[in-house]
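Let me begin by presenting the structure, written as structure tokens, before commenting on it.
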Amino acid sequence: MRAIFFQLAAISTLLGSVATAATPSAIEAELKRRAEQKKAAEATPPAKPADIIVPNQEKAKEVAETVYNTWRLSMIRGNEQAWRASTCRSRQMKVRNLIISQRGNFPRDFFRETQEAPNIDNFVFVGALLGCKGQTMACTYVGKLQLGDGQPRENAYVLELVQEQGRWKMDQTRFFDLAQLPDVKKRLYNKDISILKEQDGFMPYDCVPGTPIACRAPELIGKVFVDCPGRYIEMSINGVSVHEFEDERRADVISGGLKRGQNTITYKIKDREGLKKPTMAIGLFVAPETPGNQGVCVFDHILDANDAANGGTFTFTISNEHIASMNPNYKGQQPAPFHAVPLKQKSGK
């Protein structure tokens with residue numbers, strides 16, 4: 001498992017700011033705010049399908065499409081002012097941090113590299129739902145979506161919107177390939193709104209997303225790789241980069257990157273009820289910035305199906321040897337990553 005996971009992760013690793021970067025006091029204040037927000041969330045009963053509001057569909061469609069089309073055209077035309085006006089604050093900061101954390105220039109690189117969002121006129125409107133007492137909205141469409149150079153495929157296309165100071169703003173879009181879901185596709189084309197309450201991907205947010213703090217340009221570009229079947233993981237890296245993983249395999253750029261010397265990672269692992277829990281893995285990598293170099297793993301957490309560790313807070317060190325070993329001509333001993341869980345010895349050794 002370890003070799004396969006981290007070989008794939010290493011391959012994937014090959015893959016001027018307008019905001020104030022985080023200071024130590026800002027980080028401390030943000031961590032306190034998150035802790036209070038989490039405490040309040042845990043004291044609040046989880047959202048139930050009955051808490052979801054089914055709004056007037058024609059009105060919701062008109063609102064969502066007006067916002068979406070403004071958002072879409074702002075990116076096509078490179079209009080920063082219009083993009084900010086139609087995009088929620090949390091998404092603006094997430095986009096900014098993602099670009100800065102890869103040594104990009106925001107907003108220039110965003111408008112230069114973003115792909116054109118699809119024309120909503122080419123899709124069939126299925127329905128809209130409201131969440132968070134009417135402050136969030138999810139609008140679902142269905143139709144053929146072309147990704148890259150591939151053939152158009154049947155997809156569900158979901159717009160996620162957030163209300164800020166009385167105005168609806170775009171957060172993100174989601175799409176789901178329906179090729180292997182004929183029953184879902186049929187119900188969507190029949191505008192069966194009840195199915196939207198049955199699938200998490202069609203649901204509105206149960207709370208308004210919080211705005212992350214602005215990160216500094218990274219000393220070292222970092223990525224986190226997680227493969228967590230049957231588990232949910234909350235994670236914070238260096239007090240700035242916040243991540244959530246749920247029963248999935250995914251790679252994220254580390255907001256603010258990593259640094260030489262000491263770094264910290266905090267995470268909690270929770271089992272997802274009713275799902276199998278085979279081997280899971282977490283890995284932190286320094287990404288190469290020099291052509292020909294390769295990523296290096298500086299932290300890992302590998303659990304087999306019988307382990308029950310639930311995370312913790314760990315401090316690990318990135319040494320000069322870690323950085324030097326990224327060069328394929330490095331002659332020294334390959335430095336080992338920090339192991340959150342000690343490696344088990346094979347029997348008889």
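By convention here, the first residue in the shown sequence is residue 1.
Atom OH of Tyr205 is surrounded by more than 12 heavy atoms from other residues, nucleotides or ligands within 6.0 Å. Other residues, nucleotides and ligands contribute only 12 or fewer heavy atoms inside 6.0 Å of the CD atom of Gln333. Atom CG of Asp200 is surrounded by 12 or fewer heavy atoms from other residues, nucleotides or ligands within 6.0 Å. Environment of CZ in Arg108: crowded, with over 12 heavy atoms of neighbouring residues, nucleotides or ligands closer than 6.0 Å. By the neighbour-count criterion of 12 heavy atoms within 6.0 Å, atom CZ of Arg153 is sparsely surrounded, having that number or fewer from other residues, nucleotides or ligands. By the 6.0 Å contact criterion, CZ on Arg103 is enclosed, its count of non-hydrogen atoms from other residues, nucleotides or ligands being greater than 12. Counting heavy-atom neighbours within 6.0 Å of Gln81 CD, excluding the residue itself, gives a total of 12 or less.
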Query raised in the report: side chain to side chain contact (heavy atoms under 4.5 Å, CB included) between Cys228 and Ile269: does it pass, once the steps are laid out?
Result: CA-CA 9 Å; Cys228 59; Ile269 304 171; over 6 Å; no
**Report entry** Test side chain to side chain contact (heavy atoms under 4.5 Å, CB included) applied to Met137 and Val63, step by step
**Finding:** CA-CA 10 Å; Met137 177 163 57; Val63 169; 4.2 Å; yes
Query - Step-by-step side chain to side chain contact (heavy atoms under 4.5 Å, CB included) determination, Ser86 to Met170 - result: CA-CA 6 Å; Ser86 58; Met170 277 296 300; 5.7 Å; no
Report task. Mind running side chain to side chain contact (heavy atoms under 4.5 Å, CB included) on Arg72 and Asn119 for me, showing each step along the way? Result -> CA-CA 8 Å; Arg72 175 176 177 268; Asn119 186 342; 3.8 Å; yes
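No option in Glu248, Glu246, Lys270, Lys277 other than Lys277 meets the side chain to side chain contact (heavy atoms under 4.5 Å, CB included) test with Arg231. Between Ile237 and the choices Leu258, Thr264, Asp252, the side chain to side chain contact (heavy atoms under 4.5 Å, CB included) rule is met once, by Leu258.
The closest donor-acceptor contact from the side chain of Thr136 to the backbone of Gly131 lies under 3.5 Å. A donor-acceptor pair under 3.5 Å is absent between the side-chain atoms of Thr114 and the main chain of Phe111, judged by distance alone. Remark: the backbone N or O of Asn329 is paired with a side-chain donor or acceptor of Asn327 at under 3.5 angstrom. Ser241 places no side-chain N or O within 3.5 Å of a backbone atom of Ser236 that could act as its donor or acceptor partner. Panel note: side chain Gln135, backbone Lys133; no donor-acceptor pair is recorded below 3.5 Å. No donor-acceptor pair closer than 3.5 Å links the side chain of Gln102 to the backbone N or O of Val253. Looking only at distances, a side-chain donor or acceptor of Asn263 sits under 3.5 Å from a matching main-chain atom of Gly261. The backbone N or O of Leu98 lies less than 3.5 Å from no partner atom in the side chain of Ser101, so there is not a single donor-acceptor pair. Under a 3.5 Å cut-off, the side chain of Asn190 and the backbone N or O of Asp192 do not form any donor-acceptor pair. Counting only distance, with no hydrogens or angles, the side chain of Arg96 and the backbone of Cys215 share a donor-acceptor pair below 3.5 Å.
By the rule that hydrophobic residues join a cluster once side-chain heavy atoms approach within less than 4.5 Å of another member, Ile120 and Leu145 end up as members of one cluster. Taken together through direct or relayed side-chain contacts under 4.5 Å among Ile, Leu, Val, Met, Phe, Trp and Tyr, Val341 and Met280 form part of one hydrophobic cluster. Residues Ile318 and Ile221 are members of separate hydrophobic clusters, defined by side-chain heavy-atom contacts under 4.5 angstrom among Ile, Leu, Val, Met, Phe, Trp and Tyr.
Using a 4.5 Å cut-off on side-chain heavy atoms (C-beta onward), Phe285 and Cys297 make contact. Val124 has its side chain within reach of Lys191: a pair of non-hydrogen atoms, C-beta onward, lies under 4.5 Å apart. Contact check for Phe202 versus Val126: no side-chain heavy atoms found under the 4.5 Å cut-off. Between Val224 and Met235 the shortest side-chain heavy-atom distance falls below 4.5 Å. Contact of the Ile193 side chain with the Leu129 side chain is registered, since non-hydrogen atoms from C-beta on lie closer than 4.5 Å. Contact annotation: the side chain of Leu284 never approaches that of Phe338 to less than 4.5 Å [non-hydrogen atoms, C-beta and beyond].
A salt bridge does not link Arg91 to Glu160: none of the charged side-chain nitrogens sits closer than 4.0 Å to a carboxylate oxygen. With respect to Asp109 and Arg112, a salt bridge is recorded, a charged nitrogen being found less than 4.0 Å from a carboxylate O. Here Lys185 does not pair with Glu154 in a salt bridge; the nearest charged N to carboxylate O distance is not below 4.0 Å.
Here the closest heavy-atom approach between residue Pro118 and residue Tyr68 is recorded as O-OH, 2.6 Å.
In this structure Pro55 satisfies the side chain to side chain contact (heavy atoms under 4.5 Å, CB included) test together with Gln57, Ala60, Ala128, Leu130, sequence neighbours excluded. With sequence neighbours left out, Tyr267 forms a ring-ring contact (aromatic ring centres under 6.0 Å, His included) with His301, Phe314.
Aromatic ring pairs are classed by plane angle as parallel below 30°, tilted from 30° to 60° and perpendicular above 60°; the pair Phe123 and Tyr141 is perpendicular.
With values rounded to the nearest 0.5 angstrom, Met203 atom CE is found 9.5 Å from Leu196 atom CG.
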